Amino acid sequence: MGSRASTLLREEEIEEIKKETGFSHSQITRLYSRFTSLDKGENGTLSREDFQRIPELAINPLGDRIINAFFPEGEDQVNFRGFMRTLAHFRPIEDNEKSKNAAVSEPLNSRTNKLMFAFQLYDLDRDDKISRDELLQVLRMMVGVNISDEQLGSIADRTIQEADTNGDNSISFNEFIKVLEKVDVEQKMSIRFLH
Amino acid sequence: MGSSVLCRAGILRGVSCMLLLLLLFCFGGKCEVQESKPSPPTNLQSVENEFNQPQAYPEEERANLPMFTMDYSRIQIPFEITLWVLLASFAKIGFHIYHKITIWIPESCLLIAIGLIVGAIMHAVKEEPPAVLTSNVFFLYMLPLIVLDNGYFMPTRPFFENVGTVLWYAVVGTLWNSIGIGLSLFAICQFEVFGVQDINLQENLLFASIISAVDPVAALNVFEDIGVNEQIYIVIFGEGLYNDAVTVVLYNMFSFLADMPVVESTDVFLGVARFFIVAAGGILFGLLFGFVAAFTTRFTHNVRQIEPLFVFMYSYMAYLVAECFAISSVLAIITCAITMKHYVEENVSQRSCTTIRHVVKMLATVSETLIFFFLGVVTITTEHEWNWAYIVFTLLFAFIWRGLGILVLTQIINPFRTIQFTFKDQFGLAYGGLRGAICFALVFTLPDNINRKNLFVTASIAVIIFTVFLQGISIRPIVEYMNIRKTNKDLNTINVEVHSRIMEHVVCGIEDLCGQWSHYYWKDKFKKFNDRVLRRILVRDNRAESSIVALYKRLELQNAIGLLDAPMGDLSAAPSIVSLYDERKEASRPKRKFLAGDVRKMHDILSKNMYKIRQKTMAYTNKYNLPDDTRTKEILIRRHASIRRSLRAESFREPSAQNTFKSQKYYSLQPGGSLETAFELRRRSNGADVDLSARPQSSDVSPRSSSRSLLPMRRLNTIKESGGAVEPPAVPPHPHTDQIDGDKDPHEPMQPPQLPPPPGGWVRENQNGEGNPLLRHPSQGSRGSVSF
């Protein structure tokens, strides 16, 4: 499967990606063939347009934000390394990794990094705070048209109230982590990647 | 609340309507009895009288031209059929008046119940049900409609991704069931005490094969509401579909064998070989007709009115030709529908597409309704042969073998699956195995030379009624009980609820992105083949479109965009939540206290209104309704602007990100309003605006605003606007004409949208619509200020 694809991806690259992200060899090859099939321009990078072409993302209410998460600050193209780096956030946490010491820099799919991914979906201006506006925007995307603004505003207020501990009327990353401490983020934000 | 009073009034009306119709029907039936006997001579007489011919009976007096004659027997058959269909349809209307009924009781239950009532009435007046359900009528007219519906609305992608599992359960499962039940019943028949010794093995097998046909529609409805893993869902759906095919094949095979006095082992091998030939032949025929149909629709752009006809005629032809050669017609028609669906839907006009879908659904519903209805009537009116032992054992074995079968089959196939079936899933599969319309029709049309036919009819009616009523009604509580979450929802904070849903959406999106469920290599290969070869031949307008363009076209984006044009606002908030309005005073606003009641309301609102993650298959497989894509439409509409904007990458790089935010305006509907009514209003008022499409507007009030006093509107200001006037909560009489995509980056004020090439199809498409709101550019300047 994908024998053509793997010749374009060099072994050393696969090794590097493996070390960085923790995916297995076959997973990387498989995702590479997906990457190439998305890459209509065949220039080794994906643009936003390539992502928009996936119809299921079009009907995902958070589609834009998800796509945006792939592109680092200020860029329009993402190469395979970047693609894998983003996807690595969703790798399930395996047991043997849990016990590993934090001697190595924190793996991309740690709980904190998963939460950071979710946090950055809200925080578009990257000021490390979710303001009321940003929260309202995301809420508005997530909710049908039958909710009035007042109701949504109240919900946003309540959300901030529950989470905000230092009174700045916005949610910082630490507050975000705290409010989700009982949620099984490792399981919720994981995908079983096929081999 | 007032609505419950209305509900009750509605129910009363519905019930009285139905009673009226029942009486009418019985009256009609009675007339038939009285008319049919003396009708031949009276017909003769009236004909002769009318024409005033020389009479063979000279003693008849010469009558004048009769003013009023009635000739019932002439219209009898079509009249009765129509009356039946009408009655069943009224029954359906009746059920849905109080929709809570349909949640707890599956529709098949209700239909059978109505049939039972009608049967009881008819029995009381000593009537016979019209003998319409013959073998020919069922196999030639009713079954193809049901199966065409299944095939046409099958979600092909999830299906093909799970095709191995589906076929495994359908084919092997049905075989297992039939043979198991048949052999067990045969063993029972050996006991003399039960008095059924004369049923030989072939007849038992025949009966068993009929009983194994499951109809999981009730289970599907329950699972859809509960939210089951969609892999399970597609397996149940596919199994239900394909075991119809398998059952019909087995039925034919066993009925042929039942006629033969002695069965030799060569016959068994021949039977197995025949099975494969039948299946392969069906698929081949289906493919053939499907491709021919797709090719034909390539040339139909001048005869749009008869486009739907081709779909139906070709499918039906596939069915009939397959019947002629005694290969699996069910498989033929399913394959034909699947094959031609995609190409046809690209070739035909939007209206024809809608027509096709509606008619397919309608015919299938009629057919199935009639069968269930008839089941109810027949239950009361035929003479039954009741044999306790046989029937009880049939029920028992049906249940046991299905459960065993599912267990064993799942154990075998689980290692090959990425998502394995849990015990709960298996229970759902097994318990959801209700018997349905096909089972009844097959047994009713057994040839009369089966000497215990009445017993079989009784037994299968018993099984159907038992499974449909008992299992059908109880499956929902049981599954809900099994699915109770351990965490009480109220203990969740709003944060957790919102963020969890967001995470679900993200994961769903990433999964789609990775193309998680496909055997990607083959799918890719097929897609390449499809694009290069098949589409060139079969699709008329063969531009390689981006999928989003295709998706848009299918969802009638023109109407949707029309909605965006007139901003909708709402008047009232939920009364118990304190209305907060002014965004600008946010920092200075005192911290509000939220009562527990408020928080609970919020939970309620969120759980009802947050978009659920995309159910890939469920939208398609609800048997009684067309696929519901209103939610998809809604999301697409709202994201349409941001999709376009994101294609212009610079908009995401705005350092202050202010411009992006400014242009993202989300609107809420009037309470009690729906998207559809909003479309309607919009469409009606859109007519005058076509001529404005070309002219960019720079004045602050677009001329359209004057015509739009239909709905009171208020713009939703989610973002602080520099220098923007704050709108008072009171409703301004003139809506202003901001639209979501009108407020683009101020760098490109006046151009009609220049879309980058691949989505260029959008512009072309939308120009056909009723006024292209994309090209209309009201008032960049009015963004901040509103003129009243």
Side-chain angles (χ1 to χ4, degrees), chain A residues 1-2 30-31 33-34 37 48-49 51-64 66-68 74 76 87 90 118 121 124-125 132-133 136-140 142-151 153-155 157-159 161-163 169 179-180 183 188-189 191-194, chain B residues 418 493-496 498-503 505-516 520-521 524 546-548 551 570 573-574 577 579-581 586 592 594 599 602 605-606 609-611 614 632 634-636 639 642-643 646-647 649 652-653 657 664 666 668-669 675 716 718-719 758:
Chain A
M1 169 220 91
R30 194 180 189 285
L31 287 168
S33 68
R34 173 65 168 168
S37 73
R48 288 206 162 83
E49 201 176 279
F51 283 104
Q52 295 286 8
R53 222 174 264 125
I54 305 171
E56 290 85 2
L57 274 187
I59 57 174
N60 189 317
L62 296 175
D64 296 325
I66 297 175
I67 295 174
N68 202 32
D76 295 331
L87 286 183
F90 293 93
L121 283 178
L124 273 188
D125 55 4
R132 186 174 186 273
D133 287 337
L136 260 178
Q137 275 190 36
V138 175
L139 273 177
R140 188 33 96 183
M142 295 270 299
V143 140
V145 294
N146 287 320
I147 306 289
S148 70
D149 319 328
E150 285 78 7
Q151 289 169 311
S154 305
I155 294 177
D157 282 331
R158 171 73 185 176
T159 311
Q161 216 181 68
E162 281 173 358
N169 228 16
V179 91
L180 288 178
V183 175
K188 264 189 167 335
M189 293 271 280
I191 302 178
R192 277 180 53 190
F193 287 96
L194 300 180
Chain B
T418 47
T493 58
I494 300 270
N495 266 287
V496 169
V498 170
H499 298 318
S500 308
R501 185 56 62 86
I502 287 189
M503 289 196 250
H505 276 289
V506 168
V507 165
C508 185
I510 299 277
E511 278 176 355
D512 289 332
L513 211 147
C514 296
Q516 245 335 54
Y520 210 68
Y521 182 62
D524 216 22
S546 82
S547 329
I548 292 198
L551 200 55
D570 68 80
I577 295 187
S579 162
L580 67 103
Y581 181 70
E586 162 196 333
R592 299 172 31 205
F594 289 101
V599 178
M602 287 185 198
I605 292 177
L606 282 179
N609 284 288
M610 280 209 287
Y611 290 127
R614 189 175 71 86
T632 318
E634 205 175 288
I635 298 182
L636 255 185
R639 282 202 58 219
S642 60
I643 292 176
S646 77
L647 297 179
F652 271 88
R653 274 196 261 124
Q664 273 180 347
Y666 294 95
S668 52
L669 271 189
L675 275 183
L716 163 57
T718 60
I719 312 298

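Letters A, B, ... are given to chains in the order of the sequence lines, protein chains preceding strands, and every chain is numbered from 1. These figures come from a predicted structure and were not determined experimentally.
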| Verdict with reasoning, A:Met142 to B:Ile502, per side-chain contact (heavy atoms from CB on, under 4.5 Å) | CA-CA 8 Å; A:Met142 295 270 299; B:Ile502 287 189; 3.6 Å; yes
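Here the closest non-hydrogen pair linking B:His505 and A:Asn60 is O-ND2, 3.1 Å. The two residues B:Val507 and A:Met189 come nearest to each other via the heavy atoms CG2-CA, 3.8 Å. Minimum interatomic distance between A:Val179 and B:His499 (heavy atoms only, all atoms of both residues): CG1-CD2, 4.3 Å.
Taking chain B as the reference chain and counting heavy-atom pairs below 4.5 Å, the highest number among A:Val138, A:Ile66, A:Leu139 is found for A:Ile66.
Under a 3.5 Å cut-off, the side chain of B:Asn495 and the backbone N or O of A:Leu180 do not form any donor-acceptor pair.
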